[in-house]
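Input: a single structure, listed below in C-alpha coordinates.
Below, chain A is the first sequence line, B the second, and so on; all start at residue 1.
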Amino acid sequence: MVAKLSTKVLNICIASICKSKQLGKAENVLIDGIRLGVLPDVVTYNTLIDAYCRFVSFDAGYAVLYRMNEAGINPDVISYNSLISAAARKCLLSKSLNLFDEMLQRGIHPDVWSYNILMDCLFKLGKPDEANRIFMDIVLGEFRPSPATYNVMINGLCKNGYVNNALALFRNLQRHGFIPQILTYNALINGLCKSRRMGAARRILKEFGELGYEPNAITYTTVMKCCFQCSKFEEGLEILHEMRSKGYTFDGFAYCTVIAALIKTGRIQEANEIIEQMQSNGIEPDLVSYNTLINLYCRQGKLDDALKLLDEIEKEGLECDKYTHTIIIHGLCMAGNFLGAQQHLNYMNTLGFGFNLVAVNCMLDGFGKAGHIDHALKLFEAMEVKDSFTYTILVHNLCRAGRFLSASKILVSCLKCGFKILRATQRAVIDGLISIGYTNEAKKLKSKIRMVRLLH
DNA sequence: CTAGGGTTAG
(Lines give C-alpha, C1' and ligand atoms only; values in the text may rest on other atoms or scores of the structure.)
Protein backbone atom coordinates (compact mmCIF):
# COMPACT_ATOMS: atom_id res chain seq x y z
CA MET A 1 0.00 0.00 0.00
CA VAL A 2 2.75 2.38 1.00
CA ALA A 3 4.80 1.47 -2.06
CA LYS A 4 1.78 2.02 -4.31
CA LEU A 5 1.12 5.41 -2.83
CA SER A 6 4.76 6.36 -3.30
CA THR A 7 4.67 5.40 -6.94
CA LYS A 8 1.69 7.67 -7.32
CA VAL A 9 3.63 10.50 -5.74
CA LEU A 10 6.61 9.70 -7.95
CA ASN A 11 4.37 9.87 -11.02
CA ILE A 12 2.88 13.22 -10.06
CA CYS A 13 6.36 14.52 -9.41
CA ILE A 14 7.75 13.28 -12.72
CA ALA A 15 4.71 14.54 -14.64
CA SER A 16 5.14 18.04 -13.27
CA ILE A 17 8.90 18.08 -13.98
CA CYS A 18 8.26 16.79 -17.51
CA LYS A 19 5.74 19.56 -18.04
CA SER A 20 8.53 22.08 -17.49
CA LYS A 21 10.59 20.18 -20.09
CA GLN A 22 13.32 19.23 -17.63
CA LEU A 23 13.73 15.67 -18.80
CA GLY A 24 17.19 15.28 -17.27
CA LYS A 25 15.78 16.22 -13.89
CA ALA A 26 12.88 13.80 -14.37
CA GLU A 27 15.35 11.00 -15.07
CA ASN A 28 17.26 11.87 -11.88
CA VAL A 29 14.06 11.74 -9.84
CA LEU A 30 13.33 8.35 -11.38
CA ILE A 31 16.78 7.08 -10.37
CA ASP A 32 16.44 8.52 -6.87
CA GLY A 33 13.04 6.86 -6.58
CA ILE A 34 14.41 3.47 -7.53
CA ARG A 35 17.25 3.91 -5.03
CA LEU A 36 14.68 4.57 -2.32
CA GLY A 37 12.69 1.53 -3.39
CA VAL A 38 9.94 3.39 -5.22
CA LEU A 39 9.49 1.53 -8.47
CA PRO A 40 8.14 3.18 -11.59
CA ASP A 41 5.02 1.73 -13.19
CA VAL A 42 3.38 1.95 -16.58
CA VAL A 43 2.09 5.47 -15.85
CA THR A 44 5.61 6.69 -15.11
CA TYR A 45 6.85 5.40 -18.44
CA ASN A 46 3.81 6.71 -20.30
CA THR A 47 4.53 10.16 -18.92
CA LEU A 48 8.11 9.88 -20.14
CA ILE A 49 7.02 8.63 -23.57
CA ASP A 50 4.82 11.66 -24.00
CA ALA A 51 7.46 14.10 -22.75
CA TYR A 52 10.25 12.70 -24.95
CA CYS A 53 7.98 12.75 -27.99
CA ARG A 54 6.90 16.29 -27.27
CA PHE A 55 10.18 17.90 -26.30
CA VAL A 56 12.86 15.78 -27.94
CA SER A 57 11.82 13.54 -30.80
CA PHE A 58 9.56 10.69 -31.70
CA ASP A 59 12.49 8.26 -31.66
CA ALA A 60 13.42 9.35 -28.15
CA GLY A 61 9.85 8.60 -27.07
CA TYR A 62 9.84 5.26 -28.79
CA ALA A 63 13.11 4.37 -27.05
CA VAL A 64 11.25 4.52 -23.73
CA LEU A 65 9.29 1.48 -24.90
CA TYR A 66 12.54 -0.53 -24.81
CA ARG A 67 13.36 0.77 -21.36
CA MET A 68 9.93 -0.40 -20.18
CA ASN A 69 10.63 -3.86 -21.53
CA GLU A 70 13.96 -3.96 -19.72
CA ALA A 71 12.21 -2.89 -16.52
CA GLY A 72 9.71 -5.70 -17.02
CA ILE A 73 6.74 -3.38 -17.44
CA ASN A 74 4.34 -4.00 -20.29
CA PRO A 75 3.16 -1.07 -22.36
CA ASP A 76 -0.59 -0.50 -22.38
CA VAL A 77 -3.03 1.11 -24.75
CA ILE A 78 -2.08 4.56 -23.49
CA SER A 79 1.63 3.99 -24.24
CA TYR A 80 0.68 3.18 -27.81
CA ASN A 81 -1.90 5.94 -28.11
CA SER A 82 0.75 8.45 -27.03
CA LEU A 83 3.25 7.15 -29.56
CA ILE A 84 0.73 6.91 -32.38
CA SER A 85 -0.45 10.44 -31.78
CA ALA A 86 3.11 11.76 -31.41
CA ALA A 87 4.05 10.22 -34.76
CA ALA A 88 0.94 11.79 -36.30
CA ARG A 89 1.81 15.18 -34.82
CA LYS A 90 5.24 14.96 -36.42
CA CYS A 91 3.68 13.89 -39.72
CA LEU A 92 5.23 10.42 -39.51
CA LEU A 93 1.91 8.99 -40.55
CA SER A 94 3.05 5.63 -41.85
CA LYS A 95 4.79 5.17 -38.51
CA SER A 96 1.45 5.85 -36.81
CA LEU A 97 -0.28 3.18 -38.84
CA ASN A 98 2.56 0.70 -38.24
CA LEU A 99 2.35 1.34 -34.49
CA PHE A 100 -1.36 0.68 -34.60
CA ASP A 101 -0.60 -2.74 -36.13
CA GLU A 102 2.20 -3.33 -33.63
CA MET A 103 -0.26 -2.65 -30.82
CA LEU A 104 -2.74 -5.18 -32.23
CA GLN A 105 0.02 -7.77 -32.68
CA ARG A 106 1.04 -7.39 -29.05
CA GLY A 107 -2.51 -8.16 -28.04
CA ILE A 108 -3.21 -4.69 -26.71
CA HIS A 109 -6.81 -3.74 -27.43
CA PRO A 110 -7.33 -0.31 -28.95
CA ASP A 111 -9.81 1.95 -27.20
CA VAL A 112 -11.95 4.73 -28.61
CA TRP A 113 -8.96 7.06 -28.26
CA SER A 114 -6.89 4.81 -30.50
CA TYR A 115 -9.57 5.05 -33.13
CA ASN A 116 -9.83 8.82 -32.69
CA ILE A 117 -6.11 9.08 -33.37
CA LEU A 118 -6.36 6.70 -36.30
CA MET A 119 -9.09 8.89 -37.81
CA ASP A 120 -6.90 11.91 -37.27
CA CYS A 121 -4.02 10.17 -39.09
CA LEU A 122 -6.20 9.24 -42.02
CA PHE A 123 -7.42 12.82 -42.32
CA LYS A 124 -3.83 14.04 -42.19
CA LEU A 125 -2.97 11.56 -44.95
CA GLY A 126 -5.72 13.13 -47.04
CA LYS A 127 -7.97 10.06 -46.79
CA PRO A 128 -11.25 11.49 -45.52
CA ASP A 129 -13.24 8.53 -46.86
CA GLU A 130 -11.27 6.04 -44.79
CA ALA A 131 -11.51 8.29 -41.75
CA ASN A 132 -15.24 8.48 -42.27
CA ARG A 133 -15.43 4.67 -42.35
CA ILE A 134 -13.73 4.50 -38.94
CA PHE A 135 -16.15 7.14 -37.69
CA MET A 136 -19.07 5.02 -38.84
CA ASP A 137 -17.54 1.96 -37.17
CA ILE A 138 -17.27 3.87 -33.91
CA VAL A 139 -20.75 5.36 -34.05
CA LEU A 140 -22.45 2.11 -35.11
CA GLY A 141 -20.15 -0.30 -33.29
CA GLU A 142 -19.28 -1.36 -29.79
CA PHE A 143 -17.59 1.88 -28.78
CA ARG A 144 -19.24 4.98 -27.52
CA PRO A 145 -17.88 7.99 -29.38
CA SER A 146 -16.16 10.46 -27.08
CA PRO A 147 -16.50 14.22 -27.56
CA ALA A 148 -13.01 13.99 -29.07
CA THR A 149 -14.36 11.69 -31.78
CA TYR A 150 -16.58 14.51 -32.97
CA ASN A 151 -13.85 17.09 -32.62
CA VAL A 152 -11.46 15.00 -34.70
CA MET A 153 -14.15 14.61 -37.34
CA ILE A 154 -14.95 18.32 -37.46
CA ASN A 155 -11.30 19.29 -37.60
CA GLY A 156 -10.44 16.61 -40.18
CA LEU A 157 -13.32 17.57 -42.45
CA CYS A 158 -12.21 21.22 -42.28
CA LYS A 159 -8.61 20.32 -43.08
CA ASN A 160 -9.64 18.25 -46.09
CA GLY A 161 -11.70 21.01 -47.61
CA TYR A 162 -15.09 19.81 -46.41
CA VAL A 163 -15.87 22.85 -44.30
CA ASN A 164 -19.54 22.68 -45.18
CA ASN A 165 -19.78 19.05 -44.08
CA ALA A 166 -18.00 19.99 -40.87
CA LEU A 167 -20.52 22.77 -40.24
CA ALA A 168 -23.42 20.43 -41.01
CA LEU A 169 -22.07 17.78 -38.64
CA PHE A 170 -21.55 20.46 -36.01
CA ARG A 171 -25.15 21.69 -36.28
CA ASN A 172 -26.53 18.16 -36.27
CA LEU A 173 -24.57 17.27 -33.16
CA GLN A 174 -25.73 20.43 -31.44
CA ARG A 175 -29.34 19.46 -32.14
CA HIS A 176 -28.61 16.12 -30.47
CA GLY A 177 -27.27 17.74 -27.35
CA PHE A 178 -23.56 17.80 -28.11
CA ILE A 179 -21.93 20.59 -26.15
CA PRO A 180 -19.14 22.04 -28.26
CA GLN A 181 -15.87 22.75 -26.49
CA ILE A 182 -13.63 25.71 -27.15
CA LEU A 183 -11.50 23.56 -29.36
CA THR A 184 -14.52 22.54 -31.44
CA TYR A 185 -15.05 26.20 -32.18
CA ASN A 186 -11.35 26.76 -32.74
CA ALA A 187 -11.24 23.99 -35.33
CA LEU A 188 -14.25 25.42 -37.15
CA ILE A 189 -12.99 28.99 -37.06
CA ASN A 190 -9.63 27.84 -38.39
CA GLY A 191 -11.30 25.89 -41.21
CA LEU A 192 -13.51 28.80 -42.17
CA CYS A 193 -10.65 31.32 -42.06
CA LYS A 194 -8.40 29.09 -44.18
CA SER A 195 -11.09 28.73 -46.83
CA ARG A 196 -11.60 32.49 -46.66
CA ARG A 197 -15.18 32.23 -45.42
CA MET A 198 -14.77 35.30 -43.27
CA GLY A 199 -18.50 35.95 -42.82
CA ALA A 200 -19.19 32.46 -41.52
CA ALA A 201 -16.07 32.60 -39.33
CA ARG A 202 -17.28 35.83 -37.79
CA ARG A 203 -20.73 34.33 -37.11
CA ILE A 204 -19.21 31.30 -35.39
CA LEU A 205 -16.94 33.58 -33.38
CA LYS A 206 -20.00 35.58 -32.31
CA GLU A 207 -21.95 32.49 -31.31
CA PHE A 208 -18.92 31.36 -29.38
CA GLY A 209 -18.86 34.64 -27.45
CA GLU A 210 -22.59 34.53 -26.80
CA LEU A 211 -22.21 31.11 -25.19
CA GLY A 212 -19.91 32.81 -22.70
CA TYR A 213 -16.67 31.27 -23.94
CA GLU A 214 -13.53 33.34 -23.62
CA PRO A 215 -11.25 33.03 -26.62
CA ASN A 216 -8.07 31.24 -25.64
CA ALA A 217 -4.56 31.54 -27.06
CA ILE A 218 -5.45 29.22 -29.93
CA THR A 219 -8.56 31.20 -30.90
CA TYR A 220 -6.49 34.37 -30.91
CA THR A 221 -3.67 32.87 -32.97
CA THR A 222 -6.14 31.50 -35.50
CA VAL A 223 -7.91 34.82 -35.98
CA MET A 224 -4.60 36.69 -36.02
CA LYS A 225 -3.16 34.55 -38.78
CA CYS A 226 -6.33 35.15 -40.74
CA CYS A 227 -5.81 38.91 -40.44
CA PHE A 228 -2.33 38.65 -41.92
CA GLN A 229 -3.60 36.46 -44.74
CA CYS A 230 -6.09 39.18 -45.60
CA SER A 231 -3.32 41.82 -45.40
CA LYS A 232 -4.89 43.39 -42.31
CA PHE A 233 -1.53 43.97 -40.67
CA GLU A 234 -2.67 46.61 -38.22
CA GLU A 235 -5.47 44.39 -36.90
CA GLY A 236 -3.14 41.42 -36.70
CA LEU A 237 -0.58 43.35 -34.68
CA GLU A 238 -3.35 44.65 -32.42
CA ILE A 239 -4.36 41.08 -31.67
CA LEU A 240 -0.76 40.26 -30.79
CA HIS A 241 -0.79 43.23 -28.45
CA GLU A 242 -3.99 42.04 -26.81
CA MET A 243 -2.56 38.53 -26.47
CA ARG A 244 0.50 39.93 -24.74
CA SER A 245 -1.60 41.92 -22.30
CA LYS A 246 -3.65 38.82 -21.51
CA GLY A 247 -0.56 36.72 -20.94
CA TYR A 248 -1.23 34.48 -23.93
CA THR A 249 2.28 34.87 -25.32
CA PHE A 250 3.96 32.49 -22.93
CA ASP A 251 5.25 30.41 -25.84
CA GLY A 252 6.43 31.00 -29.40
CA PHE A 253 3.14 30.32 -31.19
CA ALA A 254 1.81 33.84 -31.52
CA TYR A 255 5.21 35.36 -32.22
CA CYS A 256 6.03 32.81 -34.90
CA THR A 257 2.71 33.42 -36.63
CA VAL A 258 3.41 37.13 -36.82
CA ILE A 259 7.07 36.83 -37.77
CA ALA A 260 6.38 34.36 -40.56
CA ALA A 261 3.64 36.60 -41.95
CA LEU A 262 5.96 39.62 -41.84
CA ILE A 263 8.81 37.72 -43.51
CA LYS A 264 6.49 36.54 -46.29
CA THR A 265 5.54 40.11 -47.11
CA GLY A 266 9.10 41.38 -46.92
CA ARG A 267 8.68 43.35 -43.68
CA ILE A 268 12.03 42.23 -42.35
CA GLN A 269 12.60 45.17 -40.02
CA GLU A 270 9.25 44.66 -38.30
CA ALA A 271 9.96 40.93 -38.03
CA ASN A 272 13.22 41.76 -36.27
CA GLU A 273 11.35 43.99 -33.84
CA ILE A 274 8.89 41.22 -32.96
CA ILE A 275 11.77 38.77 -32.46
CA GLU A 276 13.28 41.24 -30.02
CA GLN A 277 9.97 41.44 -28.15
CA MET A 278 9.88 37.68 -28.00
CA GLN A 279 13.42 37.45 -26.69
CA SER A 280 13.00 40.25 -24.16
CA ASN A 281 9.92 38.45 -22.84
CA GLY A 282 12.16 35.51 -22.07
CA ILE A 283 10.34 33.03 -24.31
CA GLU A 284 12.38 29.87 -24.56
CA PRO A 285 12.54 29.07 -28.25
CA ASP A 286 11.23 25.69 -29.34
CA LEU A 287 12.07 24.06 -32.67
CA VAL A 288 9.51 26.06 -34.65
CA SER A 289 10.78 29.29 -33.09
CA TYR A 290 14.32 28.34 -34.10
CA ASN A 291 13.15 27.55 -37.62
CA THR A 292 11.44 30.92 -37.84
CA LEU A 293 14.57 32.65 -36.56
CA ILE A 294 16.78 30.78 -39.03
CA ASN A 295 14.44 31.81 -41.82
CA LEU A 296 14.67 35.44 -40.73
CA TYR A 297 18.49 35.26 -40.76
CA CYS A 298 18.48 33.63 -44.20
CA ARG A 299 16.24 36.34 -45.62
CA GLN A 300 18.81 38.89 -44.55
CA GLY A 301 21.66 36.89 -46.07
CA LYS A 302 23.09 36.10 -42.65
CA LEU A 303 23.86 32.48 -43.47
CA ASP A 304 26.62 32.25 -40.86
CA ASP A 305 24.24 33.28 -38.09
CA ALA A 306 21.66 30.81 -39.41
CA LEU A 307 24.18 27.95 -39.33
CA LYS A 308 25.24 28.94 -35.82
CA LEU A 309 21.63 28.52 -34.70
CA LEU A 310 21.70 25.01 -36.17
CA ASP A 311 24.40 24.14 -33.64
CA GLU A 312 22.45 25.82 -30.87
CA ILE A 313 19.38 23.69 -31.62
CA GLU A 314 21.44 20.54 -31.10
CA LYS A 315 23.05 21.93 -27.96
CA GLU A 316 19.53 22.39 -26.60
CA GLY A 317 18.94 18.70 -27.21
CA LEU A 318 16.40 19.36 -29.97
CA GLU A 319 16.50 17.69 -33.36
CA CYS A 320 16.34 19.70 -36.56
CA ASP A 321 13.36 18.71 -38.67
CA LYS A 322 12.59 18.87 -42.37
CA TYR A 323 11.54 22.51 -42.00
CA THR A 324 14.91 23.47 -40.52
CA HIS A 325 16.82 21.82 -43.34
CA THR A 326 14.55 23.13 -46.08
CA ILE A 327 14.89 26.68 -44.75
CA ILE A 328 18.69 26.30 -44.81
CA ILE A 329 18.66 24.90 -48.34
CA HIS A 330 16.41 27.72 -49.48
CA GLY A 331 18.73 30.24 -47.81
CA LEU A 332 21.81 28.76 -49.48
CA CYS A 333 20.09 28.81 -52.89
CA MET A 334 19.04 32.43 -52.49
CA ALA A 335 22.64 33.28 -51.60
CA GLY A 336 23.74 31.54 -54.80
CA ASN A 337 25.56 28.77 -52.95
CA PHE A 338 24.21 25.83 -54.94
CA LEU A 339 27.07 23.55 -54.02
CA GLY A 340 26.34 24.13 -50.34
CA ALA A 341 22.63 23.59 -50.97
CA GLN A 342 23.28 20.31 -52.78
CA GLN A 343 25.59 19.19 -49.97
CA HIS A 344 22.96 20.00 -47.39
CA LEU A 345 20.38 18.07 -49.41
CA ASN A 346 22.72 15.05 -49.40
CA TYR A 347 23.28 15.54 -45.68
CA MET A 348 19.50 15.41 -45.13
CA ASN A 349 19.49 12.11 -46.95
CA THR A 350 22.16 10.63 -44.69
CA LEU A 351 20.02 11.72 -41.73
CA GLY A 352 17.23 9.58 -43.13
CA PHE A 353 14.84 12.33 -44.16
CA GLY A 354 14.20 10.79 -47.55
CA PHE A 355 13.14 12.68 -50.62
CA ASN A 356 12.13 16.29 -49.94
CA LEU A 357 10.23 17.89 -52.78
CA VAL A 358 10.10 21.32 -51.16
CA ALA A 359 13.91 21.43 -50.95
CA VAL A 360 14.33 20.31 -54.56
CA ASN A 361 11.80 22.93 -55.65
CA CYS A 362 13.94 25.48 -53.82
CA MET A 363 16.97 24.35 -55.83
CA LEU A 364 14.97 24.62 -59.03
CA ASP A 365 13.87 28.16 -58.22
CA GLY A 366 17.39 29.05 -57.10
CA PHE A 367 18.88 28.01 -60.45
CA GLY A 368 16.21 29.97 -62.30
CA LYS A 369 16.57 33.12 -60.21
CA ALA A 370 20.36 33.04 -60.64
CA GLY A 371 19.89 32.84 -64.41
CA HIS A 372 20.99 29.20 -64.76
CA ILE A 373 17.84 28.25 -66.66
CA ASP A 374 19.47 25.28 -68.41
CA HIS A 375 20.55 23.88 -65.06
CA ALA A 376 16.96 24.29 -63.94
CA LEU A 377 15.64 22.43 -67.00
CA LYS A 378 18.11 19.60 -66.46
CA LEU A 379 17.05 19.26 -62.83
CA PHE A 380 13.39 19.39 -63.82
CA GLU A 381 13.84 16.54 -66.31
CA ALA A 382 15.64 14.44 -63.70
CA MET A 383 12.86 14.91 -61.12
CA GLU A 384 10.69 11.84 -60.71
CA VAL A 385 8.19 13.53 -58.42
CA LYS A 386 6.78 16.93 -59.26
CA ASP A 387 3.93 19.03 -57.93
CA SER A 388 2.19 22.26 -58.84
CA PHE A 389 5.01 24.25 -57.23
CA THR A 390 7.58 22.52 -59.47
CA TYR A 391 5.71 23.51 -62.62
CA THR A 392 4.92 27.03 -61.49
CA ILE A 393 8.56 27.65 -60.57
CA LEU A 394 9.89 26.39 -63.89
CA VAL A 395 7.29 28.18 -66.03
CA HIS A 396 7.83 31.38 -64.11
CA ASN A 397 11.60 31.22 -64.56
CA LEU A 398 11.35 30.32 -68.25
CA CYS A 399 9.25 33.46 -68.70
CA ARG A 400 11.83 35.48 -66.86
CA ALA A 401 14.47 34.15 -69.25
CA GLY A 402 12.24 35.12 -72.19
CA ARG A 403 11.77 31.47 -73.25
CA PHE A 404 8.04 31.71 -73.70
CA LEU A 405 7.63 28.82 -76.12
CA SER A 406 9.25 26.36 -73.70
CA ALA A 407 7.21 27.90 -70.90
CA SER A 408 4.04 27.32 -72.90
CA LYS A 409 4.96 23.68 -73.53
CA ILE A 410 5.66 23.00 -69.85
CA LEU A 411 2.47 24.81 -68.86
CA VAL A 412 0.39 22.56 -71.09
CA SER A 413 2.06 19.39 -69.79
CA CYS A 414 1.36 20.62 -66.25
CA LEU A 415 -2.32 21.17 -66.95
CA LYS A 416 -2.47 17.70 -68.56
CA CYS A 417 -1.22 16.20 -65.29
CA GLY A 418 -4.08 17.95 -63.50
CA PHE A 419 -1.87 20.29 -61.46
CA LYS A 420 -3.00 23.80 -60.76
CA ILE A 421 -0.76 26.67 -61.72
CA LEU A 422 -0.98 30.27 -60.53
CA ARG A 423 -3.15 32.51 -62.68
CA ALA A 424 -0.42 35.15 -62.70
CA THR A 425 2.02 32.61 -64.14
CA GLN A 426 -0.42 31.59 -66.88
CA ARG A 427 -0.90 35.26 -67.68
CA ALA A 428 2.88 35.76 -67.89
CA VAL A 429 3.19 33.03 -70.51
CA ILE A 430 0.35 34.38 -72.66
CA ASP A 431 1.58 37.97 -72.43
CA GLY A 432 5.12 36.80 -73.17
CA LEU A 433 4.07 34.94 -76.31
CA ILE A 434 2.25 38.03 -77.52
CA SER A 435 5.22 40.26 -76.73
CA ILE A 436 7.49 38.24 -79.02
CA GLY A 437 4.90 38.22 -81.78
CA TYR A 438 3.53 34.68 -81.31
CA THR A 439 -0.09 35.84 -81.22
CA ASN A 440 -1.39 32.59 -82.68
CA GLU A 441 0.40 30.46 -80.13
CA ALA A 442 -0.99 32.69 -77.40
CA LYS A 443 -4.52 32.13 -78.70
CA LYS A 444 -3.99 28.37 -78.90
CA LEU A 445 -2.66 28.29 -75.36
CA LYS A 446 -5.63 30.28 -74.10
CA SER A 447 -8.11 27.86 -75.63
CA LYS A 448 -6.18 24.88 -74.22
CA ILE A 449 -6.32 26.41 -70.76
CA ARG A 450 -10.05 26.95 -71.16
CA MET A 451 -10.56 23.34 -72.28
CA VAL A 452 -8.67 21.97 -69.28
CA ARG A 453 -10.75 24.13 -66.97
CA LEU A 454 -13.93 22.67 -68.45
CA LEU A 455 -12.66 19.11 -68.12
CA HIS A 456 -11.53 19.37 -64.50
C1' DC B 1 -1.00 10.85 -21.31
C1' DT B 2 -3.74 11.27 -25.87
C1' DA B 3 -7.88 16.12 -30.07
C1' DG B 4 -7.47 22.58 -31.64
C1' DG B 5 -3.36 27.38 -33.18
C1' DG B 6 2.61 28.69 -35.15
C1' DT B 7 7.68 27.25 -39.12
C1' DT B 8 9.71 25.73 -45.76
C1' DA B 9 9.15 26.41 -52.11
C1' DG B 10 5.68 29.33 -56.80
Under the rule for side-chain hydrogen bond (donor to acceptor under 3.5 Å, both in side chains), what residues qualify as partners of A:N295, not counting sequence neighbours? A:R299
Sequence neighbours excluded, which residues qualify as side-chain hydrogen bond (donor to acceptor under 3.5 Å, both in side chains) partners of A:K159? A:N155
Over how many whole Å does the gap from A:I329 atom CD1 to B:dT8 atom P extend? 15 Å
Taking the side chain of A:D120 as its heavy atoms from C-beta onward, which of B:dG5, B:dG4, B:dT2 lies nearest to it? B:dG4
Just to be sure I understand the rule, does A:A217 reach a base, reach only the sugar-phosphate, or reach nothing, if contact means heavy atoms closer than 4.0 Å? base
Please tabulate, for side-chain N and O atoms in residues 336-345 of chain A, each donor-acceptor pair with protein atoms closer than 3.5 Å (sequence neighbours left out).
unit_1: A:N337; atom_1: OD1; unit_2: A:G340; atom_2: N; d: 2.8
unit_1: A:Q342; atom_1: NE2; unit_2: A:N346; atom_2: OD1; d: 3.2
unit_1: A:H344; atom_1: NE2; unit_2: A:H325; atom_2: ND1; d: 2.9

Residue set satisfying ring-ring contact (aromatic ring centres under 6.0 Å, His included) with A:Y115, at least two apart, ordered chain then number -> A:F100, A:F143
When you measure from the side chain of A:T292 to the backbone of A:V288, do you find a donor-acceptor pair of N or O atoms at a distance under 3.5 Å? yes
Stacked pair A:Y323-B:dT7, distance under 5.5 Å, angle under 30°: yes
Contact under 4.0 Å: A:K159 side-chain N or O vs B:dG5 OP1/OP2: yes
May I ask you to decide if the ring planes of A:Y62 and A:F58 are parallel, tilted or perpendicular, using 30° and 60° as cut-offs? parallel
Separation of atom CG in A:N291 from atom C1' in B:dT8, rounded to whole Å: 8 Å
Out of B:dA3, B:dT7, B:dG6, whichever nucleotide has its closest atom nearest the side chain of A:K194: B:dG6
In this structure, how many angstroms lie between the C1' atom of B:dT2 and the OH atom of A:Y80, rounded? 16 Å
Look at A:R89 and B:dT2 and indicate whether a side-chain polar atom (N or O) is within less than 4.0 Å of OP1 or OP2. no
Contact class for A:N216 (heavy atom, under 4.0 Å): base, sugar-phosphate, or nothing? base
Taking side-chain hydrogen bond (donor to acceptor under 3.5 Å, both in side chains) as the definition, give me every residue that meets it alongside A:Q277, ordered by chain and number, with sequence neighbours left out. A:R244
Would you classify A:S289 as touching base, sugar-phosphate or nothing, given that sugar-phosphate means primed atoms plus P, OP1 and OP2, and contacts are heavy atoms under 4.0 Å? base
Side chain of A:T221, base of B:dG5: donor and acceptor closer than 3.5 Å? yes
May I ask you to say what A:A148 touches in the nucleic acid, namely base, sugar-phosphate or nothing, with a heavy-atom cut-off under 4.0 Å? base
Please list residues of residues 179-188 of chain A whose heavy atoms come under 4.0 Å from any atom in DNA chain B, ordered by number; otherwise none. A:Q181, A:I182, A:L183, A:N186
Are A:D387 and A:N361 linked by a side-chain donor-acceptor pair shorter than 3.5 Å? yes
Among B:dA9, B:dG5, B:dT7, which nucleotide has an atom closest to any side-chain atom of A:V288? B:dT7
Kindly indicate whether the side chain of A:S85 and the base of B:dT2 share any N or O donor-acceptor pair separated by less than 3.5 Å? no
May I have the distance from A:Y213 (atom OH) to B:dG4 (atom P), rounded to whole angstrom? 17 Å
Please classify the nucleic acid contact of A:R423 as base, sugar-phosphate, or nothing, using heavy-atom distances under 4.0 Å. nothing
ring-ring contact (aromatic ring centres under 6.0 Å, His included) with A:F170: which residues, sequence neighbours excluded? A:Y185
For residues A:P75 and A:R106, determine if any side-chain heavy atom of one lies less than 4.5 Å from a side-chain heavy atom of the other. yes
Just N and O in the side chain of A:K264: are any of them under 4.0 Å from OP1 or OP2 of B:dT8? yes
Any A:N155 side-chain nitrogen or oxygen under 4.0 Å from OP1 or OP2 of B:dA3: no
Starting at CD of A:E242 and ending at P of B:dG5, how long is that distance when rounded to a whole Å? 21 Å
The correct set of residues in residues 379-401 of chain A placing a heavy atom under 4.0 Å from DNA chain B is A:D387, A:S388, A:F389, A:T392, A:I393
What nucleic acid atoms does A:N81 come within less than 4.0 Å of, heavy atoms only: base, sugar-phosphate, or nothing? base
Does the side-chain ring of A:Y255 sit on the six-membered ring of the B:dG6 base, less than 5.5 Å centre to centre and under 30° in tilt? no
Rounded to the Å, how far apart are A:D321 CG and B:dT8 P? 12 Å
Has A:K369 got a side-chain N or O lying under 4.0 Å from the OP1 or OP2 atom of B:dG10? yes
Any residue meeting salt bridge (Lys or Arg N to Asp or Glu O under 4.0 Å) with A:D137, in chain and number order, not counting sequence neighbours: none
Side chains of A:S146 and A:T149: is there a donor and an acceptor less than 3.5 Å apart? yes
OP1, OP2 of B:dT7 versus side-chain N and O of A:K225: anything below 4.0 Å? yes
Can you tell me the distance, in whole Å, between the CZ atom of A:R54 and the P atom of B:dG4? 11 Å
Excluding sequence neighbours, so at least two apart, what forms ring-ring contact (aromatic ring centres under 6.0 Å, His included) with A:Y297? none
Expressed as a whole number of angstroms, how long is the span from A:N151:CG to B:dT2:C1'? 13 Å
Side-chain donor-acceptor distances from residues 362-372 of chain A under 3.5 Å, at least two apart:
unit_1: A:D365; atom_1: OD1; unit_2: A:N397; atom_2: ND2; d: 3.0
unit_1: A:D365; atom_1: OD2; unit_2: A:K369; atom_2: NZ; d: 2.6

Heavy atom of residues 340-348 of chain A under 4.0 Å from DNA chain B: which residues? none
